**Q** 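Can you keep this structure in mind? I'll have questions shortly.
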Number of protein chains: 2
Amino acid sequence: MRILLLGFGNVGRAFCELVRNKSGVLKSSYGIDCRFVGIATRSRGCVSDPEGIRIQDLLERDSSTGRLDPGTAGSAALSAGDMVSGMDYDLLVVCTSTTIKSPEVPTAYIKGALERGIGVITSNKGPLFLACRELMDLANRKNTHFFFEAAVMGGTPFFSFARHCLTGSKILSCEGVMNTTSNYILDLMVTGSSFDDALLDARRKGFAEADPTFDVEGWDSAVKGAIIAQVLMGAAPVALESINVQGITQVSLGFLMEAVRSGGAVRLITRVEAEGDSVSISVRPEVLPAANPLSRVHGATNGVLFLTDTLGEVFVAGGGIGPRHTAYSMLRDLIETVELINAKK
Amino acid sequence: MRILLLGFGNVGRAFCELVRNKSGVLKSSYGIDCRFVGIATRSRGCVSDPEGIRIQDLLERDSSTGRLDPGTAGSAALSAGDMVSGMDYDLLVVCTSTTIKSPEVPTAYIKGALERGIGVITSNKGPLFLACRELMDLANRKNTHFFFEAAVMGGTPFFSFARHCLTGSKILSCEGVMNTTSNYILDLMVTGSSFDDALLDARRKGFAEADPTFDVEGWDSAVKGAIIAQVLMGAAPVALESINVQGITQVSLGFLMEAVRSGGAVRLITRVEAEGDSVSISVRPEVLPAANPLSRVHGATNGVLFLTDTLGEVFVAGGGIGPRHTAYSMLRDLIETVELINAKK
């Protein structure tokens, strides 16, 4: 399994480390032997080696900020685009950071690999928001695979759950706590913090981006809702502005405390609902009663409640977020890809 | 897909109905066309028809109590054993009722089909408790498939979740609310019911067996724990008496209320833990704090908290139990079986 990796930030590095740490079980349980033949970054250089980059060297030297210096790890390479279209590899792993406003570049890389019949795994939400169904259809036509478990709630099995655990069910709706930054802030505000102090704390703990607008104003949740609508309910891509979005910036302490006093909680809920032939997507802070399991999704965690025609309500929640969880979701996709390839042999 | 069905009680009937209701999506999404070629019961007769039993006829006439009268639905057949070993079929579906004390007969049926290279799906826990790993290994050797999602918490994806959503992870422990009868009773007792009144109510609602000892004394939970230990952690089968089991019959109202006052709840917890090379299984009522998601698994529902080396804690809960949920879990297994067979073609 020759891997071409796009992106070598926190997630890319965590993925390399996880693949290394799990090499024993990958080999013994799944017959998988991974080799990174190329690593490309947008502005920090590219490394390649058809025999396998010496990842350990890179991990020890590269601090995820400075230039990706090949050193003794491999050879300097030209560019991500050239590597995607020209190199020999079996799997493209995309873990560049998401830019919802210009997802064209990573989308082109994904298309490039799929067109060549090469499987793709991505943690980048941008291409999914733009053209998830199109990419899935392309993978199908090319008899290859396209997975993206890591892109939405990296620490909570979601797409694999819908695909494998709810097989043959109709998913009527899907609502969830999908933005950890907002959830962490709401929990802190209940303890008496102001919004600004809570945001500062979230930043210090690494739960919030330098520009948290996208998270706290609900746009990140909306993007996830729009991707879910495409994948689970066959909806078309939509413009972000067309989604009914309300973030947590206007949530008052009084509103929060009222929910807590009744045993429940205010959560920022992303809701995706099939309504006849159309699909509605909304994001807003809601007062949830104690009986709603989403009211118990606390801090920097995620949870999703599915409503299905076969099992009624089914709930899944993941305890963590962060590069290591995202990396695991990509590893899960990698194993499924290999199993599907092997099944065809 | 020619199905031989063993058992035509509530679950067997619900399975037939679900297969019929889902025939459209089974065909269009998975290319599956199901035909029941045989239905066998232990004491109420057997029906067969290589061209497909007219299920609708049977469902309308058979009340799940009287004799399984072939009428115009098919021909009377000899016995389950003869059908398993002699008929032509592609999948054996076992939904006879579980008898933990004498699981040898259904186990022999399952072995009989697997030995012939025919896939098996079971909702009957008995053969799993007795010899789950042995049956899984047999299926592997015969290049066929053996699934049992319906056998443990039929309304909550469990084995499929561990297999597909936690692939490549090490499951360090697994604890859950796995017995709905006990959980329903505990919830009623909190509202002031005595144990006996709560049990009576559970019986009236169909949540408790005529003899509820197995449920309320924790043995049903222990059986599930022992199966989970075999499947997820490679443990050997154990004698029921060797498991550390405490049921809910001695739980006092004071104990329950104390937990509620602190915001939590008392739940009957099945815990399976890997400890070095061995696996420990225990069942007992525990006071859970509000932060533990299992404290929020209420009434006749199930929930499981996995601790993994990759994602930390992951929680799954199902909202319902009953024949329709069990039937769905068997349908899920059926689809996976067909997909695996097709992948090999």
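Heavy atoms only: backbone and side chains are in, while hydrogens, waters and symmetry mates are out. Being a predicted model, the structure only gives us computed values, none of them experimental. Letters go in sequence order (proteins before strands), and every chain restarts at 1.
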**Q** Less than 4.5 Å apart, side chain to side chain, heavy atoms only: is that true for B/Cys165 and A/Val316?
**A**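 They are not in contact (no side-chain heavy atoms under 4.5 Å apart), so the answer is no.
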**Q** Applying a heavy-atom distance below 4.5 Å, give me the residues of residues 258-271 of chain A that approach chain B, sorted by number.
**A**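 Counting heavy atoms that sit under 4.5 Å from chain B, no residue of residues 258-271 of chain A is involved.
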**Q** Is A/Thr308 in contact with chain B via its backbone, its side chain, both, or neither, using a 4.5 Å heavy-atom distance?
**A**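 A/Thr308 has no heavy atom closer than 4.5 Å to chain B.
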**Q** So which of A/Pro293, A/Ser169, A/Ser29, A/Gly312 has the largest heavy-atom pair count under 4.5 angstrom toward chain B?
**A**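 Looking at each of A/Pro293, A/Ser169, A/Ser29, A/Gly312 in turn, A/Ser169 comes out on top.
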**Q** For the interface with chain B, which of A/Phe158, A/Phe159, A/Phe161, A/Phe306 has the highest count of heavy-atom pairs at distances below 4.5 Å?
**A**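 Heavy-atom pairs under 4.5 Å are most numerous for A/Phe161.
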**Q** Mind listing the closest non-hydrogen atom pair of B/Val314 and A/Pro157 along with its distance?
**A**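 It is CG1-CD, 3.8 Å.
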**Q** Using non-hydrogen atoms only, which part of A/Tyr30 is less than 4.5 Å away from chain B: side chain, backbone, both, or neither?
**A**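 The answer is the side chain of A/Tyr30.
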**Q** Atom CG in A/Leu331, atom OG1 in B/Thr167: separation rounded to 0.5 Å?
**A**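 Rounded to the nearest 0.5 Å, the CG-OG1 separation comes out at 9.0 Å.
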**Q** With chain A, which of B/Asp309, B/Leu305, B/Val297, B/Asn21 has the greatest number of heavy-atom pairs at distances under 4.5 Å?
**A**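 Top count of heavy-atom pairs under 4.5 Å with chain A: B/Asp309.
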**Q** Select, from A/Leu166, A/Val25, A/Ile32, the one with the greatest count of heavy-atom pairs under 4.5 Å involving chain B.
**A**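 Option with the greatest count: A/Leu166.
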**Q** To check you understand the geometry: which heavy-atom pair defines the closest contact between B/Ile335 and A/Gly168, and what is its length?
**A**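 Heavy-atom minimum between the residues: CD1-CA, 3.8 Å.
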**Q** Counting only heavy atoms closer than 4.5 Å, note whether A/Tyr328 contacts chain B via side chain, backbone, both or neither.
**A**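 For A/Tyr328, side-chain heavy atoms alone lie under 4.5 Å from chain B.
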**Q** Measure the CZ-OG1 distance between B/Arg332 and A/Thr310 for me, rounded to the nearest 0.5 Å.
**A**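 Going from CZ on B/Arg332 over to OG1 on A/Thr310, the span is 11.0 Å.
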**Q** What class does the angle between the rings of B/His164 and A/His164 fall in, given that below 30° is parallel, 30 to 60° is tilted and above 60° is perpendicular?
**A**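 Taking A/His164 first and then B/His164, their aromatic rings lie parallel (interplane angle under 30°).
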**Q** Quick one: closest heavy-atom pair of B/Lys22 and A/Lys170, and the distance?
**A**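 Shortest heavy-atom contact: NZ-N, 3.8 Å.
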